[in-house]
Amino acid sequence: MSRWLKNLNPEQREAVQTITGPLLVLAGAGSGKTRVITHRVAHMMELSIDPQQILGVTFTNKAAAEMRQRLTGMVGQGASKVTLSTFHSLGLHILRAERARRKRSGALSVFDTGDQLSCLRELCHRIHLERSLDLGSILQRISAYKNAFVEPGDSVASEDPYDEAATLLYPAYQEQLQAYSAVDFDDLVCLPTRMMEQSDACRHRWSDRFRHVLVDEYQDTNAAQLRMLRAIAGPHRNLCVVGDDDQSIYGWRGAEVRNILRFAKDFPGAKTVTLGRNYRSVGSVLRLAGAVIARNPERHEKTLVAVREEGTPVRMVVTSDGDSEARWIVSHIREALAGGRRGGDIAVLYRSNLFSRELESELRAEGIPYRVLGGTSFFESKEVKDLVAYLRICANPADEISLRRVINAPPRGIGPRTVSTLSDWSEKHQTSFYQALRQADEILGGGRSATAVAGFLELTDRYRRRLGQGSQLAPAARAHGRAPLRAPERLPDVARELSDELGLEAQIRQTPGTPQAADRRVARVRGLIDGMQSYCAHAPRPSLQEYLGRIALSSNEDDEPVGRDLVTLSSLHGAKGLEFRLVLLAGMEEGYLPHERTINPHQNDMEGGDIAEERRLLYVGITRAMDELVLTRCQERMLRGRPQPRTPTRFLDDIGPELLQLDDLTLPPDHEQMQSMLADLIARLEG
DNA sequence: TGCTATGTTATTTTT
DNA sequence: TAACATAGCA
């Protein structure tokens, strides 16, 4: 027997052993999902399957890195031959490879949401579209069109003003991206998929390259991702997907629970393996989870069986207001720490990141070290984006969004007037904004701003050359061998000098705000450069192109060191895939879970709120707990500066005292409690 | 050009 | 309440 089949339960072994044909692994929370994936890959390698032909797809870099680490621990360096990547970096890889084949080697900018919004804002401005429309809602619709493979220009019949705006803007937006040599996150999945669907040769290149495909968190895939998988795995059908429909919490982002519910229909002959034993949580936690999720319709029917002991009962603690709730949570954490629990074993989870503030100040006051998952990402901070924009301009001068972003940052006398003159000219002459900058002198008729533009171009040209990015701008020179490219200098050195020349740090210190805030921002700039340093040290063939693609697709938590003693604060979404000895779920109230906006959706929200998804969110939260779970809620909470009465979440209606031990701190203590308090007091006085 | 005053609006956010 | 954006003013 292959050594990777030992120490697995029968279902896990079944999943690991099934290596050909479509396979659906329904992996309930805590049922050893990652174990199955890594063992399955190791087992395949044991059977002499070429690791280079194995592809593992995840949603986050973190998950991919974790999987790589576990696999390396099992099979050693052979693990590095397996492709473990996110959907988006896989898409970028395919896109680049296919473009290289077609001799289109120019750079690509990867637009994040901020870049997309800037692009849309510019378009709306240009066509004088009503400014009152919320751009995010339009973008959401464009994203939905893309993922449904609606072509730009296809009409979508709808009366909804947002649908109309999106239909109008979608073609213009897509044209704009093309002109910028840019792709957005959706394109990273859709464009390679379309290439594979339209060309048998292309499709077979990739399905031959990856003859075994595994997908993690399949319940979170959207329609385009399904099509991508179909293209790659269609020919050989060696597709194993792992997921749990009960943990689908990204429907609002286009994830289709349907994908996992209908896997057997999409891939006929698929085998299904259900992992139903939970190794994570004590019985009391698991029974509550089961009771909560059982009331959702449309799911793969399954009951998780506890392997562990019953444990202590789950508590519901009720306090009078938000303040006392936060205080109670922190005091409970303090007790747990005093009782020997490590900070790293404790998490407080909440529906909305807003909640972290109250907890943070309370934790700080108590001197308890913590970390906050989520929030604004490192790469979304202004100072980092600015410096990155310069690098993006070096790699891709067509990237108008980056050009506009920093053309006057730091201020160099190129105001909005100048920018719009140049922009109008480029539009009128059907050329790029960059070309307009090149001809600024004639367009503006000389003058101060023309000189400033020339200075800006001189600066970016100089750094572009230093980074060895000049080739696409001067192909002729290269062909004649007249200007041999100097070996590019090291990226971090150049970036540091760029930052110095721009005076970024001095500028940060000048902008209003506390000195600590300025310190943090300066530290982020330095952190960015340090990141380049370590990228250049570790990447096999470092390049500016690759580096930019990487940071565009990376989140802040990717290589964050995890302190063993830090209490974790996280949104329920951010906690998926994690586990903690002690979990506190805060704000178990109507309007908060389910969220107000799910109960009463805005009229510009794309689809009605999905209450079932909110229930799954609670389920995800509950199932993070290993040993102890405490739910909290309060009776009145400050909302938008006003105190609001709060009622308990509907998801815990009819859940009996055998599942949930109610602890209402707003009631006067009863006789028994009074006695124990007195006993405590006496003991303390005597001790 | 840059600052201040005022108004507006509050999810979740793997990439 | 607090953060952010925009408008209007100096």
Side-chain angles (χ1 to χ4, degrees), chain A residues 57-66 85-92 110-116 121 131-132 134-136 139-140 143 147 183-189 216-217 219-222 224-225 247-255 322 349-355 357-358 373-377 379-380 382 408 411-418 449 510-512 549-558 570-578 587 591-602 605 609-610 613-614 616-618 620-621 637-644:
Chain A
V57 192
T58 60
F59 276 85
T60 66
N61 297 302
K62 197 172 154 199
E66 203 175 297
S85 116
T86 64
F87 273 102
H88 294 89
S89 45
L90 173 68
L92 182 59
V110 178
F111 277 10
D112 65 16
T113 316
D115 300 323
Q116 292 179 282
R121 198 170 296 126
R131 286 201 315 276
S132 62
D134 171 47
L135 293 180
L139 200 56
Q140 222 183 346
S143 170
N147 285 311
V183 288
D184 62 23
F185 289 139
D186 297 318
D187 290 335
L188 289 174
V189 175
D216 191 17
E217 306 280 16
Q219 76 282 354
D220 291 333
T221 52
N222 65 24
Q225 286 156 342
Q247 293 184 66
S248 163
I249 53 175
Y250 284 101
W252 54 276
R253 269 179 80 135
L349 309 180
Y350 35 79
R351 174 69 232 261
S352 144
N353 281 319
L354 256 53
F355 200 90
R357 306 185 134 273
E358 305 177 48
L373 299 187
T376 353
S377 125
F379 290 106
E380 278 163 15
K382 186 192 175 299
N408 201 34
R412 50 170 71 85
I414 307 174
R417 274 291 296 277
T418 308
S449 45
Q510 271 168 29
T511 42
R550 216 178 163 112
I551 63 169
L553 300 179
S554 83
S555 72
N556 43 342
E557 273 126 47
D558 287 346
S570 170
S571 69
L572 288 163
H573 287 88
K576 198 171 70 161
L578 306 178
Y592 203 57
L593 194 74
H595 194 276
E596 174 61 32
R597 190 138 168 204
T598 310
I599 304 169
N600 299 312
H602 282 190
D605 285 342
D610 185 355
E613 183 158 308
E614 298 284 305
R616 292 194 290 267
L617 213 38
L618 174 58
V620 167
R637 196 184 285 281
M638 292 296 271
L639 271 170
R640 301 181 199 172
R642 311 252 80 185
Q644 296 277 314

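Throughout, a chain's letter reflects where its sequence line sits, starting with A, and its residues are numbered from 1.
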Practice item. Would you mind reporting whether A/Arg351 and A/Thr598 have side-chain heavy atoms less than 4.5 Å apart? Key: yes
Exercise for review: To the nearest Å, give me how far apart CG (A/Leu354) and P (B/dT11) are.
Suggested key: 6 Å
Check your understanding: Would you say A/His595 stacks on B/dT11, if stacking means ring centres under 5.5 Å apart and planes within less than 30 degrees?
Key -> yes
Review point. Quick one: which of C/dA3, B/dA10, B/dT13 gets closest to the side chain of A/His602?
Key: B/dA10
Check your understanding: From B/dT14, B/dT11, B/dT12, pick the nucleotide closest to the side chain of A/Arg253?
Key -> B/dT14
Check your understanding: What nucleotide among B/dT13, B/dT11, C/dA3 has an atom nearest to a side-chain atom of A/Thr598?
Key -> B/dT11
Review point. Under 4.0 Å: is that the gap between some side-chain N or O of A/Ser352 and OP1 or OP2 of B/dT12?
Key: yes
**Study point:** Atom pair CD/CZ of A/Glu217 and A/Phe87 - distance to nearest 0.5 Å
**Key:** 11.0 Å
Check your understanding: Rounded to whole angstrom units, what separation is found between the CG atom of A/Leu188 and the P atom of B/dT14?
Key -> 16 Å
Practice item. Please state how far atom CG in A/Asn353 lies from atom C1' in B/dA10, giving the value in whole angstrom units. Key: 13 Å
Check your understanding: What integer distance in Å separates A/Arg351:CZ from B/dT11:P?
Key -> 10 Å
Revision key, fill the gap. Taking B/dT11, B/dT1, B/dT12 as options, the one with an atom nearest any side-chain atom of A/Asn408 is B/dT1
Review point. Does the gap between the ring centers of A/Trp252 and A/His595 come in under 6.0 Å?
Key: no
**Study point:** Aromatic ring pairing A/Phe355/A/Tyr592, orientation class (parallel under 30°, perpendicular over 60°, tilted between)
**Key:** tilted
Revision key, fill the gap. Interatomic distance, OG@A/Ser248 vs NZ@A/Lys576, rounded to 0.5 Å, equals 7.5 Å
Exercise for review: Look at the side-chain N and O atoms of A/Asn61 and state whether any lies under 4.0 Å from the OP1 or OP2 oxygen of B/dT15.
Suggested key: yes
Exercise for review: Can you tell me the distance, in whole Å, between the CZ atom of A/Phe59 and the C1' atom of B/dT13?
Suggested key: 13 Å
Practice item. Classify the nucleic acid contact of A/Asp112 as base, sugar-phosphate or nothing, counting any heavy atom under 4.0 Å across all strands shown. Key: nothing
Practice item. Examine distances only and state if a side-chain atom of A/Ser85 and a backbone atom of A/Leu90 form a donor-acceptor pair shorter than 3.5 Å. Key: yes
Check your understanding: For the pair made of CG in A/Leu618 and P in B/dT12, what is the distance, rounded to whole Å?
Key -> 17 Å
Practice item. Could you check which of B/dT13, B/dG2, B/dT15 has an atom nearest any side-chain atom of A/Pro411? Key: B/dG2
Practice item. Remember a base hit wins even if backbone is also touched, and classify A/Gly415 as base, sugar-phosphate or nothing at under 4.0 Å, heavy atoms. Key: sugar-phosphate
Check your understanding: Reckon A/Ser89 has a side-chain N or O less than 4.0 Å from the OP1 or OP2 of B/dT15?
Key -> no
Exercise for review: Would you classify A/Arg357 as touching base, sugar-phosphate or nothing, given that sugar-phosphate means primed atoms plus P, OP1 and OP2, and contacts are heavy atoms under 4.0 Å?
Suggested key: sugar-phosphate
Check your understanding: Closer than 4.0 Å, any side-chain N/O of A/Arg417 to the OP1 or OP2 of B/dT1?
Key -> no
Review point. What nucleic acid atoms does A/Gly413 come within less than 4.0 Å of, heavy atoms only: base, sugar-phosphate, or nothing?
Key: sugar-phosphate
**Study point:** Residue A/His573, side-chain atoms from C-beta onward, closest of B/dT1, B/dT15, B/dT12
**Key:** B/dT12
Exercise for review: Please work out if A/Phe87 contacts a base, only the sugar-phosphate, or nothing of the nucleic acid, heavy-atom cut-off 4.0 Å.
Suggested key: nothing
Exercise for review: Round to a whole Å and report the spacing from CZ of A/Phe379 to P of B/dT14.
Suggested key: 13 Å
Check your understanding: Quick one: which of B/dT12, B/dG2, B/dT15 gets closest to the side chain of A/Thr60?
Key -> B/dT15
Check your understanding: Given atom CG of A/Asp134 and atom P of C/dC4, what is their separation to the nearest angstrom?
Key -> 17 Å
Point to revise | Residue closer to the 5' end of DNA chain B, A/Glu217 versus A/Arg412 (nearest nucleotide) | key: A/Arg412
